Every structure is written in C-alpha cells, then in structure tokens.
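For reference, the structure discussed in these notes is given below.
The structure presented is a predicted model; accordingly, all values stated were derived computationally and were not measured. Residue numbers start from 1 in every chain, and the chains themselves are labelled A, B, ... in the order their sequence lines are given, proteins ahead of strands. All values below come from the heavy atoms of this structure, side chains included, with hydrogens, waters and symmetry mates left out.
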There are 2 protein chains.
Amino acid sequence: MDKTKKLTIKDIATKANVSTATVSRYLNGQLNQMSEKTAAKLKKIIKETAYIRNSAAVQLAKQKSNLIAVIASNIDEYFSSEYFKGIVSILSAQGYIGVLFDSNSDKIIESALLESVYNQNFAGLILQPLSTDRRLIEKFSNNHIPVVLIDRDIGNGEISAVTTNNFQVTKFAMTSFLDKGFKKVTIITEPVNDISTRVERVAGARSVFDHVQLIEVDTDHLDLAELSDKIDIKNSKNLLFVLKERLLIQLIANTDLLNETTSQQRLTGFVDTNIPKYLAPKYKFIQQSPYLMGATAAEILMAQFLEQQTTDIKQIVIPSHFE
Amino acid sequence: MDKTKKLTIKDIATKANVSTATVSRYLNGQLNQMSEKTAAKLKKIIKETAYIRNSAAVQLAKQKSNLIAVIASNIDEYFSSEYFKGIVSILSAQGYIGVLFDSNSDKIIESALLESVYNQNFAGLILQPLSTDRRLIEKFSNNHIPVVLIDRDIGNGEISAVTTNNFQVTKFAMTSFLDKGFKKVTIITEPVNDISTRVERVAGARSVFDHVQLIEVDTDHLDLAELSDKIDIKNSKNLLFVLKERLLIQLIANTDLLNETTSQQRLTGFVDTNIPKYLAPKYKFIQQSPYLMGATAAEILMAQFLEQQTTDIKQIVIPSHFE
DNA sequence: TTGTAAGCGTTATCAA
DNA sequence: TTGATAACGCTTACAA
C-alpha cells in the first residue's frame, strides 16, 4: 500500500510491455493510435497502480502551464469570492486551475503580487486592479501572457476588461429617487481616488442631482458620530447613497432611517449579498452579478489562448440591476 | 521590447560568459560559491533581460512542487476567506503558494476536488472537510503528501487538525445564560449530520441545559414563518442559539427580539464578522479566530515537510471567545 | 570559484 | 499500431 518510490511512465510501460510513447499517447487520449487491446491493458494497469503523471514534467514537455492567477483587491468582500467562483467554473472545465491572491486593498502588496505572479510562470492573469499603473501589467502582455481586468478598468482600452454599468445603473437609480422628490444626495464611500467604479458611480449621481455631497470614509475605522455630523439628516429630501455593502449595513444598523414614520426609502447603495434585503425587505438596492462577471472574464482569457494573439481586446459590460 | 523567444538559463550563461551551473547557483542564492564579480555581472544581466526561470523545469529538477491545495467547504462564508488569508500569509513567506478550491457544501464536489487535486501533484493539502470518509484523504498520506484538516475534525486523530474549542466555549456561553435565568435553549443550525463543529456545539448546549430544542434549516431557503411556528417565542426564558452567522443575521433582522422591552439578550450564536455587533452592539456572541486557525494549519504543514515523516500528527485547538 | 554532464518525467518527431 | 530518442529548462554531484 505504501509505495515508497513514485511511479513513472516508465514503470507503467515496463509493466504493460509497451514503450513510454504508447503510455504517453494513452494518457493524452490518443486512443485511435493504438489497438483496443493495448488501451485496455494500460487502463487496467494505470488503475491498479494508481499511477499519476508528474505535472511539472508535462508542463515542461508541453511548454505550457495550466495555472491562472486571480488577484482580488480584497477577498474580504463577498464580491471577490463570488467572481472567483465564476472564474473557476469556466477554468476547471478546460483543465486550468485558478489561484486566488489578495492585494488586501494595498497598492504596495498589489505590485509585489504582480511581480511574484509574473515570476511564477502563470499562464494567464485576471486582475481586479487597485493601482492604475499599467507598467507592471504590460510586462505580462509583452510576454504573451494574457491579462483580463475585472470589476475595474484602468484606462485606455488596451487591456481586456469585464466591468459593470456603474454610470448607467446609478443614473437610473438616482433618477427614480429624483422622481420621488429627493433634492440632494449624499454619497458615502471609501476614498474615490481614481478607482473607476467609484468615479463612475459618483458621476452617475452627479448626472442626476445638482446637489451632491461626497463623504469619504474608512470602513474599518468608521466614526459614526463624525459621519452623522456631516450628514444633513434632518432633511427628509436628502438621499443617502452608499457605495459599499459593508458600509451600508453599518448605516442601516446604526441609524433610525429604517424606523422613520415616513415610509419612504431614504437609503440605498451597491450590494453583493442579500443581507441588506434581510434588514430592509422593502428597499431597493443596486445588485451586481459578480459570478457572471468572473465567468465572463475567464471565457475571454480562454479565448485569448486559442487566438494566439494577445491583440484581440474585449471590453464587456455585465449590467447591474436596481431592484 | 517584444522578445518572441523565451529566455533560458543558457542564454544568460552565454551572455555572461559563464556556465549554466553558475547561473543556477546564482538563482538559488548560493552567492558564496562564486566571486562577487560574477554575481554582480549576473545580477545585471538578469535584470536587464528580465529573465525569469521556468518553474516547471525547476520543479522537475528539484522533485518538488510549491503548490498547496486548500479546499474550503464553502467560500461564501467569511470564515473561509479569513483562514485562507492566514494560510497564505505563512505559505508565501516560505515560497509556497496556496490554491483555493471550493466544495460548495457538496460532498460529491468535495470528492471530485480531492481526486483532481491528487492528480495535480500538489505538495500538500489543507482541508475543511465535509464528508467524514477518510479513504480519499488516506490516498494523500500514503503518497507522503501531508494533509492538515481545518475547522472540522473527522475522527480518529490520525490526521493533523486545527479546530476550535466548540464544546467548551459553547458550554461557557450557555452557562452564562443559565445563570441569568434561562430555562431552555433552541438551537438553530444547518443540518448537523456528522459535522464535528455542529455536533460539539449541540453537545455543549446539552451539557448545560436540560431542555434543548434542535431546529435544522437550510440557510438558502429559510422559511421564517415555519421557523417562528416551531420556536416557543413567547417564553422569555427560551434562549435562541444560532450556529451560523448568516442565519443569525436573518433572525436579527426579522424578529422583534432586539426591540423587546426587556433589555435582556435572548439571542446569540457563532460569528465570523462584526456585522452582528453592528446590529446588536450590546449583545455577546461567540467569536472565532479563522485567520489564526489558517496560519496555524499552514505552519503544521510546513513542519511536516521538514520532518520528512508524515507520522507526526498534531491536534491544535484555537480557542473562540464569548464576548 | 567554476564547469561538465547526468538526471528529473513527459511529449512528440521520425522511423519502423 | 508501435518504438527509439531527442528535446523541454533546470539542478546538482563530481571534477577541475
């Protein structure tokens, strides 16, 4: 039971009285290139001995790896695990395996990860970017390693990307509130910096409301008292628009907005789970489709493998819904 | 800029006018085995050419992979991403990379993943088990691939495992409620089956309360009305003990327990995030330490690599806290 | 301090 | 339908 020596293709060949070439052919499914008898014999022996190939040797000989790196900006977000699931669902069907890395919302870590991933000879990269610096990413493209961005874009359309319709869906949601009589919107978000999702959402709100207040906070060190001071909470025509689910939940839990006598919704935002719906069943939020975004990104990546060329850039938008 | 040919160690050797062995030594940090001059020259050339080694070839030559598989029972749980972070923090410091897989709460998927991971020649496995079937896992041990279980144990102490003190912490928490006058506890959980964490938590409650009611539900299809019917909600001496955070949040959001006139806490459970604390700041919950559990599991795995032997089994308990 | 060369386990070309 | 064998890119005795 406890074989101390690892079996190789040579051992199998010997046992079966064939050459290693034949075993290799069997392993690669070229069954039409051998007699049924040989195939049956190999099948039996391989099963009995529980032989498994050495994937490093396969990679070396075939000159290709089956590892795809996925770098999330922060895996604490439910959004990340969900799109990762989508990615894996596509990759594994094609024999590739997805490896998840976490930038932990830190550009320095992101750089280090990109560097390290690059050095590890991954076959491809799916990146939810933090930095807008394209230089590190170009290193991949220059070496014919396909890259697909997810969630956020960084500019010039030179890299394939799967994003959502941040501007439009925000505009749509904001318009519905404008129609209900709201006069002003207060956006609560982590620092916008130049992160495309946030920039577009703010722009979406500005395209509807003349009066937009922007409050940037740190989710992990949220000072609710300080925040309340900044918000014109008395004004029932002031909508609160929260760009991050975790922040939204904190606000739902800590304000009286839900229990107001006026039954009108005064709080909305982008959500990834159904927790906000548990807390406020009648409210409408902007719901994204991370799983689908992940699957789409993986499909684009797979396509780039087939087409040899890294030159076929695709920009796909997976719509979010206000409901 | 766009090298069409991949550089090899040979190219570097040629450029530097040394042998491939010397380049290899440089790459492996054996700087004391060469002149400073040679080292400097190589450093320069490698930097200029942006050479990277072929990791498949390294693995083949060194006869070891640097990939560790991590199989989570369900990556939707915040618990998983947190312990995965802990694992990665230890692994990457040692040059290993962690690969996350998701059983998606499905034993069939888990089997398939174990099989597939086994076939991919991973160097080690960290598993949050769903099934208690040890046969698939023994395949790894028999091939000298170290395995460490996390969160849940499956029995006979033959496999290293990092768990938490489910029984004790539950007993401690239940006792504090007993002392406050509660007479009965209703446990709400996903089906207990033979999942060790759940079994131990139920046992912990039974060790304190004579009257224990067990309600098994499906988080994704929770019928609140049906659930309410089963609970003796009128009885203010009936404690609700929820074993899963997502369930707990749903209950907090959908019952009036929080807003009762009696200011006594009647609801508690196991939590992984601080969301429940947002919702009920004065309540005490049982808080686990997934990050630490992950890091510990990874450390045990690393230790097993060094000790050659897979025989040194460790069982570590990372305590949870009621606070 | 450096070089030579024999592996590592597979694949794939060419010949039989 | 099969087999021999040269790659694949790197590591590591062993020699020098």
Side-chain angles (χ1 to χ4, degrees), chain A residues 3-43 45-46 49-67 95 119-123 143-144, chain B residues 3-43 45-46 49-67 95 119-123 143-144:
Chain A
K3 307 259 183 292
T4 178
K5 258 302 203 209
K6 274 243 170 184
L7 284 173
T8 74
I9 205 174
K10 221 175 202 166
D11 301 317
I12 306 298
T14 308
K15 277 188 211 293
N17 242 305
V18 297
S19 73
T20 60
T22 302
V23 180
S24 175
R25 288 191 193 102
Y26 175 83
L27 258 12
N28 287 284
Q30 279 124 245
L31 299 181
N32 54 335
Q33 294 184 45
M34 70 192 64
S35 71
E36 286 188 10
K37 209 174 151 185
T38 307
K41 189 164 55 174
L42 286 172
K43 181 173 185 177
I45 293 179
I46 288 173
T49 57
Y51 161 78
I52 51 172
R53 346 224 242 292
N54 180 318
S55 60
V58 176
Q59 276 180 43
L60 181 57
K62 288 195 171 169
Q63 293 285 67
K64 57 174 236 177
S65 135
N66 62 344
L67 254 34
N119 290 330
Q120 297 270 357
N121 300 84
F122 281 82
N143 275 283
H144 308 290
Chain B
K3 307 259 182 294
T4 177
K5 258 290 194 227
K6 273 244 172 185
L7 284 174
T8 73
I9 205 174
K10 223 175 200 164
D11 300 317
I12 305 299
T14 309
K15 277 189 211 291
N17 241 303
V18 298
S19 71
T20 59
T22 303
V23 179
S24 175
R25 287 188 195 107
Y26 175 83
L27 258 12
N28 287 285
Q30 279 126 247
L31 300 182
N32 54 334
Q33 294 183 47
M34 69 192 66
S35 70
E36 285 188 10
K37 209 175 153 184
T38 308
K41 189 164 53 175
L42 286 171
K43 180 173 185 178
I45 294 180
I46 288 172
T49 57
Y51 161 78
I52 52 172
R53 11 217 235 284
N54 179 317
S55 61
V58 176
Q59 275 180 45
L60 183 56
K62 286 194 174 169
Q63 292 285 70
K64 55 174 238 176
S65 132
N66 62 343
L67 254 35
N119 291 330
Q120 296 270 357
N121 302 85
F122 281 81
N143 276 282
H144 307 293

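Here dT2(C) presents its C1' atom at 16 Å from CG of Leu27(B), a figure rounded to the nearest Å. Computed from coordinates, the Asn28(A) CG to dA12(C) C1' distance equals 10 Å when rounded to whole Å. One interatomic measurement links the two molecules: NZ of Lys62(A) to P of dC8(C), which rounds to 22 Å at whole-angstrom precision. One can place CG of Leu60(B) at 14 Å from C1' of dT12(D), the figure rounded to the nearest angstrom. Protein atom CD of Gln33(B) is 15 Å distant from nucleotide atom C1' of dA16(D), rounded to whole Å. One can place NZ of Lys64(A) at 18 Å from C1' of dA7(D), the figure rounded to the nearest angstrom. Atom NZ in Lys10(B) sits roughly 15 Å away from atom P in dG3(C) (whole-Å rounding). Taking atom CD1 on Ile12(B) and atom P on dC10(D), their separation rounds to 9 Å, with Å as the unit.
Across all their heavy atoms, Thr49(A) and Ile46(A) have their closest contact at OG1-O, 3.4 Å.
Lys15(B) NZ: 12 or fewer foreign heavy atoms inside a 6.0 Å radius.
At least one side-chain nitrogen or oxygen of Ser24(A) sits closer than 4.0 Å to the OP1 or OP2 atom of dT11(C). For Ser19(B) and dG3(C), the shortest distance from a side-chain N or O to OP1 or OP2 is below 4.0 Å. Gln30(A) has no side-chain polar atom (N or O) that falls below the 4.0 Å cut-off from OP1 or OP2 of dA12(C). For the OP1/OP2 pair of dT1(D) and a distance below 4.0 Å, the side-chain nitrogens and oxygens of Thr22(A) include no atom meeting the criterion. The side chain of Arg25(A) contributes no N or O atom lying less than 4.0 Å from OP1 or OP2 of dT1(D). Using a 4.0 Å cut-off, no side-chain N or O of Gln63(B) falls inside it from OP1 or OP2 of dC10(D). Close to dG9(D), at under 4.0 Å from its OP1 or OP2, lies no side-chain N or O of Tyr51(B).
A distance of 14.5 Å separates CZ of Arg53(A) from CG of Leu7(A), quoted to the nearest 0.5 Å.
Taking 4.5 Å as the limit, some side-chain heavy atom of Asn121(A) sits within range of a side-chain heavy atom of Lys6(B).
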Show, in sequence, the C-alpha distance, side-chain angles and deciding distance for Asn28(A) and Lys62(A), and conclude whether the side-chain contact (heavy atoms from CB on, under 4.5 Å) test is met.
CA-CA 12 Å; Asn28(A) 287 284; Lys62(A) 288 195 171 169; 3.0 Å; yes
side-chain contact (heavy atoms from CB on, under 4.5 Å) for Leu27(B) and Ile12(B)? Distances and angles first, verdict last.
CA-CA 11 Å; Leu27(B) 258 12; Ile12(B) 305 299; over 6 Å; no
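Across all strands shown, Asn32(A) has heavy atoms under 4.0 Å from sugar-phosphate atoms exclusively, and none from any base. Within 4.0 Å of Val18(A), counting heavy atoms only, lie sugar-phosphate atoms of the nucleic acid but no base atom.
Place Asn17(A) and Ala21(B) on DNA chain D by their nearest nucleotides, and Asn17(A) ends up nearer the 5' end. Nearer to the 5' terminus of DNA chain D, by closest-nucleotide assignment, is the contact made by Glu36(A) (compared with the other of Glu36(A) and Thr20(A)).
Checking dT10(C), dC10(D), dT1(D) against every side-chain atom of Ile9(B), the shortest atom distance belongs to dC10(D). You'll find that the side chain of Asn54(B) is closest to dC10(D), out of dC10(D), dG9(C), dT2(C).
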